[in-house]
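The structure appears right after this line, and notes come after that.
The basis for the numbers below is simple: all heavy atoms, side chains too, and nothing from hydrogens, waters or symmetry mates. In this text, all values refer to a predicted model and were calculated from it rather than measured experimentally.
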Amino acid sequence: PSGQIYERRLILTKLTENNNTDPFQPTLTLTEDQLISLESNASPITPPARAPTVSSLLDVLQKEHDALLLELFDARQALEETRRELSQALYQNDAAVRVISRLVMERDAAHAKLQSIAPQQQQLQAQTPAAPQPMEVEAEVEVKEEPDAATTNSNKIGEADMSIMVETWKKLSKTRKKRAVAADYPQFDTISTFVPADTKSNLHKTNKPGSNCLTAVPKTKLVVSGGNDKIAVVYDGASQTVVGKISGHSKAVTSVDATEDLIVTGSADGSARCYRVHASSDTAGAYSFDYIGSVDMDDGVCAGVCIHPTGKYVLVASSLGKIVFCRVNNSSSNGDDEDAANANAVQQLVVFDTETTVTCIGMHPDGLILGAGTADGKLKILDLKSQKFASTLEGHKGAVTSLSFSENGYHFSSSSDAGEVNVWDLRKLKLMKTLTCDAGAVYKVRFDFSGKNLAYTSGKGVTVCVVKDWDKSVELVTETVHKNAVMGIVWGLDGQWIASAGKDRNLVLWGVPAHEAGS
């Protein structure tokens, strides 16, 4: 124990938020069993009886007092964090000034040395015979050819990388048609009965509340939420605990994607960061997330990140219109950001320019098609095999907010801030259906694994509908668990659960009612 004195109700609330971490010494673990009660020998004073109305008023005042104390504590912690970040920024700025000054001195010294060598070089050239001149011309020609070749290769995906993606495409496209859905995969009638099975409150910090994006780690019950507090929180629905907090961005996390061993986060600071996922072999349910590298974009916001089905490549989109194709090498920094910065495992290979403002991206399950949504309501389809934009689709009245490809490989869906959900036929590149949301902007759209159900979120909550039977839909009751717009949604393992998160800092896992699950 740290020796601090707390009010029991407040410290228990804080321990629940911090996953049993001492709020004054974050490196120490503090549980309820370690708390020591302080009692006085003075006889208690029995308060006089109060009217029910006075008692309820005191209870409300006590709760307001507790909330203010907790908010004050969070504000002080945020202030300390901001001070540390400012101090680090000032230190880095001072170091940069010193480096620039040293480079300027070295440059001036090199210029002075060149000026002293120039007369000697002219004298040597005057004494050199004329016969070797053709060799110098040949050398100049060779030097000119190398930059041209490098420029051409840098704009194309290499043959080795392309062959890996094509082999993956052949394998997935063949097995996709024969893929089996679990026998107990829930049908729409079951999904329509989903209720909040687990709710995690205060997922992100109070000084910058809200979740912007959500994804799930395949074959697990791990859910990753990116927030305005610059942190991606990893929550384990199996143990109902926060198992990790991924930090490193200087602004809000705007997009996130995950595989079994890789998590990629994008931020409003214009960068994307990659982390390796390691499950502990000693402790069940324990995970570590090691930073391995990053992608720095232009001055724009990171509009989206997608991990290729091979797990070896990452695509990162900037709001300024650039889409960067990167290779993720098999190296690890063991969690040390400084070492990772010196040996970045993420290598930028190709940059595709959409020549417009990009708002989101989505990857086809076979890995050779990428969709990009734009601010003017258009969809650009990028064929990675030909490395060209194959088509531009129009059908939204507002900016595109989300893209999702169906696992059947034939359909994909897009949403907009004008309250539209469009479903497209990828084979014919035609609009199949437009759904209208009365609540306004639609923030996220997702197909489930079977490709038969489509879920989307809005300020009203979560809506699930049946593909091709569009009138068959249900709105999951969110008033009791989401007090604000729902920004992210993801389908869980075998469709057994759905996770949603919003601006109110609440993460909700939906599932069948407890009595039905037991039966």
Side-chain angles (χ1 to χ4, degrees), residues 151 154-157 212-213 226 251-257 264-272 295-308 313-326 348-364 367-405 411-426 428-432 434 437 440-446 456 487:
T151 302
S154 65
N155 290 332
K156 295 290 184 180
I157 300 175
N212 295 321
C213 49
K251 293 184 179 180
V253 179
T254 56
S255 55
V256 63
D257 196 10
V264 181
T265 60
S267 170
D269 61 11
S271 70
V295 181
D296 293 322
M297 306 291 290
D298 298 328
D299 295 334
V301 174
C302 180
V305 295
C306 286
I307 302 176
H308 191 269
Y313 307 99
V314 173
L315 289 103
V316 183
S318 166
S319 61
L320 298 182
K322 301 295 177 60
I323 300 177
V324 182
F325 180 85
C326 309
Q348 299 186 29
L349 300 180
V350 180
V351 178
F352 302 98
D353 191 356
T354 64
E355 299 180 349
T356 186
T357 302
V358 175
T359 53
C360 59
I361 58 174
M363 173 68 70
H364 189 277
L368 284 185
I369 297 176
L370 182 81
T374 66
D376 56 1
K378 298 179 181 179
L379 301 170
K380 288 185 172 288
I381 306 301
L382 174 62
D383 184 356
L384 292 177
K385 189 174 182 180
S386 65
Q387 304 183 49
K388 296 180 180 179
F389 288 96
S391 180
T392 299
L393 305 178
E394 299 182 8
H396 284 293
K397 297 178 182 178
V400 182
T401 56
S402 175
L403 280 173
S404 177
F405 284 84
H411 303 143
F412 73 100
S413 181
S414 58
S415 60
S416 77
D417 59 8
E420 306 158 313
V421 176
N422 286 349
V423 182
W424 307 81
D425 188 331
L426 190 59
K428 301 178 182 178
L429 293 177
K430 290 185 178 180
L431 181 63
M432 290 174 51
T434 297
C437 178
V442 177
Y443 300 106
K444 187 67 66 174
V445 60
R446 292 268 188 161
Y456 59 91
M487 304 300 295

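Residue Val358 comes nearest to Ala317 through the heavy atom pair CG1-CB, 4.0 Å, listed as atom of the first residue, atom of the second, then distance. Nearest heavy atoms, Cys326 versus Val295: SG-CG2, 3.6 Å. Residues Ile381 and Gly371 come closest through the heavy atom pair CD1-CA, 4.4 Å. In terms of heavy-atom proximity, Met363 sits nearest to Cys306 at N-SG, 3.8 Å. Between Leu320 and Gly300, the shortest heavy-atom contact is CD1-N, 3.5 Å. Considering all non-hydrogen atoms of both residues, Leu384 and Gly367 come closest at CD1-O, 3.6 Å.
Residues passing the side chain to side chain contact (heavy atoms under 4.5 Å, CB included) test with Cys360 are Val400, Leu403, sequence neighbours excluded. Shown here are the salt bridge (charged side-chain N to carboxylate O under 4.0 Å, His left out) partners of Glu355, two or more places apart in sequence or in another chain: there are none. Every side chain to side chain contact (heavy atoms under 4.5 Å, CB included) that Met487 has, sequence neighbours left out, goes to Tyr443, Ala485, Lys503. Remark: Thr374 pairs with Asp376 by the side chain to side chain donor-acceptor pair (under 3.5 Å) rule, at least two apart or across chains. For Thr356, there are no side chain to side chain donor-acceptor pair (under 3.5 Å) partners, not counting sequence neighbours. For Val442, the side chain to side chain contact (heavy atoms under 4.5 Å, CB included) partners at least two apart in sequence or on another chain are Ser415, Val421, Cys437, Tyr456. For Cys302, the side chain to side chain contact (heavy atoms under 4.5 Å, CB included) test picks out Thr254, Ser255, Val305, Val316, with sequence neighbours left out. Scanning for ring-ring contact (aromatic ring centres under 6.0 Å, His included) contacts around Phe405 gives His364, Phe412, with sequence neighbours left out. Looking at residues two or more places apart in sequence or on another chain, you find no side chain to side chain donor-acceptor pair (under 3.5 Å) involving Asp257. Scored by the salt bridge (charged side-chain N to carboxylate O under 4.0 Å, His left out) test, Asp425 finds Arg427 as partners (sequence neighbours excluded). Qualifying side chain to side chain donor-acceptor pair (under 3.5 Å) partners for Ser416, counting only residues two or more places apart in sequence or in other chains: Glu420.
Under the 4.5 Å side-chain criterion, counting only non-hydrogen atoms from C-beta, Trp424 is in contact with Leu379.
The aromatic rings of His308 and Tyr313 lie perpendicular to each other, with more than 60° between the two planes, well past the 30° mark.
Between the side chain of Thr354 and the main chain of Gly321, a donor-acceptor pair closer than 3.5 Å is present. With hydrogens and angles ignored, the 3.5 Å screen pairs no side-chain donor or acceptor of Asn212 with any backbone N or O of Ala252. Of the possible donor and acceptor atoms, none in the side chain of Ser413 sits under 3.5 Å from a partner among the backbone N and O of Ser404. Between the side chain of Ser319 and the backbone N or O of Ala303, no donor-acceptor pair lies under 3.5 Å.
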Compile the donor-acceptor pairs under 3.5 Å between side chains in residues 385-393 and protein atoms, sequence neighbours left out, one pair per line.
from	atom 1	to	atom 2	distance (Å)
Ser386	OG	Asp383	OD2	3.3
Gln387	OE1	Ile157	N	2.8

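Distance OG/Ser271 to NZ/Lys251: 10.5 Å, rounded to 0.5 Å.
Side-chain polar atoms of Thr434 and Asn422 form a donor-acceptor pair below 3.5 angstrom.
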